[in-house]
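When a ligand or atom number is given, it counts from 1 through the structure's own listing order.
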Amino acid sequence: MAFFRPKEDRQVQVDFDHLPRHIAIIMDGNGRWAKKRGLPRTAGHAAGAENFRTIATYCKDIGLDYLTVYAFSTENWKRPAEEVGAIMGLLKKYLLEAIGRMERDRVKMEFFGDLSPLTPELRELCERTREISKHYEGCQVNICLNYGGRDELLRAARAYAQDCLDGKADPGDLGEEQFSNYLFSRGVPDPDLVIRPSGELRLSNFLLWQSAYAEFYFTDVLWPDFTKEELLKAIAAFQGRSRRFGGV
Ligand code: IPE
Ligand code: IPE
Ligand code: MG
């Protein structure tokens with residue numbers, strides 16, 4: 001049992017021996033963070049990307065098994081081309097740096113989402129990151145890129161239907177575990193805790209299937225301001241919950 005005292009002097013107690021196995025974060029609030037400072041939205045995305053690096057490193061340091069972050073949704077293409085371009089540019093910068101530090105960090109990286117609309121250069125960087133890190137053990141970070149929960153479910157349904165047509169699957173036998181294997185998240189346990197900063201109380205198409213029994217934690221703090229202390233507060237809140245999974 002370890003204790004942590006955040007700024008407002010309210011002691012937060014985190015049991016590091018019983019961390020959630022998988023934390024998922026909707027990294028929201030970059031635009032508002034920038035606006036508050038009179039900066040362009042892109043500056044908020046840069047601060048958000050930097051914070052992702054800090055939080056992912058911290059998750060690895062405390063021994064978390066899985067971290068999944070929502071970086072770009074299937075709906076985010078609706079944003080101005082300039083903003084989308086800036087986000088993709090930050091992604092490239094991040095991946096190049098991550099590849100450079102890979103042997104030191106040894107974090108396994110995966111991508112959830114349809115990467116095909118990305119530029120060939122970005123796709124290649126994602127593939128390289130995945131390839132280099134696939135044998136690492138310990139923390140796995142999943143970056144959701146052009147990810148949408150509904151899109152993921154449709155793709156799974158299509159792939160499954162095709163397997164039935166090809167005689168490789170029988171609809172009468174389909175179970176939850178088998179269906180999960182058609183999702184981007186195949187092999188990854190469901191998130192125990194889903195965190196959404198920025199004050200919005202919605203999922204915005206994130207991990208619809210996987211978060212069926214997740215605990216949710218919402219905070220008004222904007223993503224670039226979401227510190228390690230905020231993460232510990234979320235974990236402490238999670239540890240105070242009673243998960244029943246429909247039982248008693
Ligand atoms: C999240 O921050 C980043 C992405 C969706 C890519 P936002 O850009 O949505 O920030 P707000 O919600 O406008 O503050
Ligand atoms: C969700 O945030 C997607 C990511 C954080 C990547 P949005 O800002 O896109 O969600 P809405 O539009 O507020 O629902
Ligand atoms: Mg937003």
Side-chain angles (χ1 to χ4, degrees), residues 22-56 59 66-95 97-98 109-119 122-123 125-126 129 141-155 183-185 188 191 193-211 214-227 230-231 234:
H22 182 177
I23 295 179
I25 307 180
I26 300 173
M27 303 190 292
D28 194 20
N30 296 347
R32 279 162 283 175
W33 182 92
K35 194 171 178 209
K36 261 175 49 184
R37 286 162 179 74
L39 298 169
R41 292 179 58 84
T42 48
H45 294 310
E50 193 53 46
N51 196 44
F52 162 63
R53 196 209 306 263
T54 305
I55 294 295
C59 284
Y66 298 93
L67 172 70
T68 300
V69 293
Y70 206 3
F72 194 86
S73 75
T74 44
E75 288 75 32
N76 286 147
W77 297 105
K78 294 176 192 161
R79 298 186 179 206
E82 190 202 335
E83 181 171 343
V84 171
I87 293 170
M88 296 301 159
L90 285 163
L91 182 68
K92 177 180 158 188
K93 181 169 169 268
Y94 172 79
L95 289 174
E97 285 164 7
M109 307 247 300
E110 261 298 337
F111 298 88
F112 294 174
D114 170 25
L115 303 185
S116 65
L118 305 186
T119 61
L122 261 181
R123 281 207 306 271
L125 280 175
C126 291
T129 311
V141 175
N142 308 304
I143 301 181
C144 297
L145 257 187
N146 187 28
Y147 173 88
R150 287 187 169 186
D151 179 63
E152 178 182 43
L153 289 165
L154 280 178
R155 281 166 194 281
L183 302 175
F184 292 122
S185 58
V188 173
L193 170 62
V194 174
I195 299 172
R196 182 159 195 167
S198 93
E200 309 299 352
L201 306 179
R202 54 178 173 259
L203 273 180
S204 301
N205 208 5
F206 189 46
L207 302 179
L208 299 183
W209 169 276
Q210 298 87 339
S211 59
E215 294 296 325
F216 290 91
Y217 180 87
F218 296 100
T219 169
D220 288 340
V221 173
L222 303 171
W223 171 248
D225 291 330
F226 189 90
T227 55
E230 296 297 335
L231 180 71

Are any of the heavy atoms in [X] under 4.0 Å away from ligand 1?
X    : result
S198 : no
H45  : yes
A71  : yes

Please determine whether D28 has a backbone or side-chain N, O or S atom lying under 2.8 Å from the Mg ion (ligand 3). yes
Decide yes or no for [X] and [Y]: does some side-chain heavy atom of the first lie under 4.5 Å from some side-chain heavy atom of the second?
X    : Y    : value
F184 : C144 : no
Y70  : M27  : no
S198 : I26  : no
F52  : V141 : yes

Which bit of [X] is near ligand 2, meaning a heavy atom under 4.0 Å away: side chain, backbone, both or neither?
X    : result
R196 : side chain
F206 : neither
C144 : neither

Kindly say whether [Y] contributes a backbone atom to a donor-acceptor pair with the side chain of [X] at under 3.5 angstrom?
X    : Y    : answer
E230 : D225 : no
N142 : Y66  : no
Y147 : A71  : no

Checking L115 against L145 for the side-chain contact (heavy atoms from CB on, under 4.5 Å) test, could you report, in this order, the C-alpha distance in whole Å, the side-chain angles of both residues, the deciding distance, and whether it holds? CA-CA 7 Å; L115 303 185; L145 257 187; 3.9 Å; yes
Nearest candidate to atom 11 (P) of ligand 1, where distance is taken over non-hydrogen atoms, out of K36, E83, R32: R32
Give the atoms of ligand 2, by number and element, whose distance to some non-hydrogen atom of [X] is under 4.0 Å.
X   : answer
F72 : 6 (C)
I26 : 1 (C), 5 (C)
R79 : 7 (P), 8 (O), 9 (O)
D28 : 2 (O), 8 (O)

Does atom CZ of R150 have more than 12 heavy-atom neighbours, drawn from other residues, nucleotides or ligands, at distances under 6.0 Å? no
Heavy atoms from other residues, nucleotides or ligands near CD of E75 exceed 12 (cutoff 6.0 Å): yes
So the atoms of ligand 1 within less than 4.0 Å of a heavy atom of I87 turn out to be 6 (C)
What atoms of ligand 1 come within less than 4.0 Å of a heavy atom belonging to M27? 1 (C), 2 (O), 3 (C)
N or O pair under 3.5 Å between G31 and ligand 1: yes
State whether the shortest distance between N or O atoms of N30 and N or O atoms of ligand 1 falls below 3.5 angstrom. yes
With backbone taken as N, CA, C and O and side chain as the heavy atoms from C-beta onward, which portion of R41 lies under 4.0 Å from ligand 1: side chain, backbone, both, or neither? side chain
Which of these passes side-chain contact (heavy atoms from CB on, under 4.5 Å) with I25: L193, T68, I55? I55
Measure the distance from [atom] to every protein heavy atom, then report the residue, atom name and distance (to 0.1 Å) of the closest one.
atom                    : result
atom 13 (O) of ligand 2 : R202 NH2, 2.8 Å
atom 9 (O) of ligand 2  : N76 ND2, 2.9 Å
atom 14 (O) of ligand 2 : S204 OG, 2.6 Å

Go through it in stages, so that I can follow the logic: the residues are W77 and N146, the test is side-chain contact (heavy atoms from CB on, under 4.5 Å), and I'd like the CA-CA distance, side-chain angles, deciding distance and then a yes or no. CA-CA 8 Å; W77 297 105; N146 187 28; 2.9 Å; yes
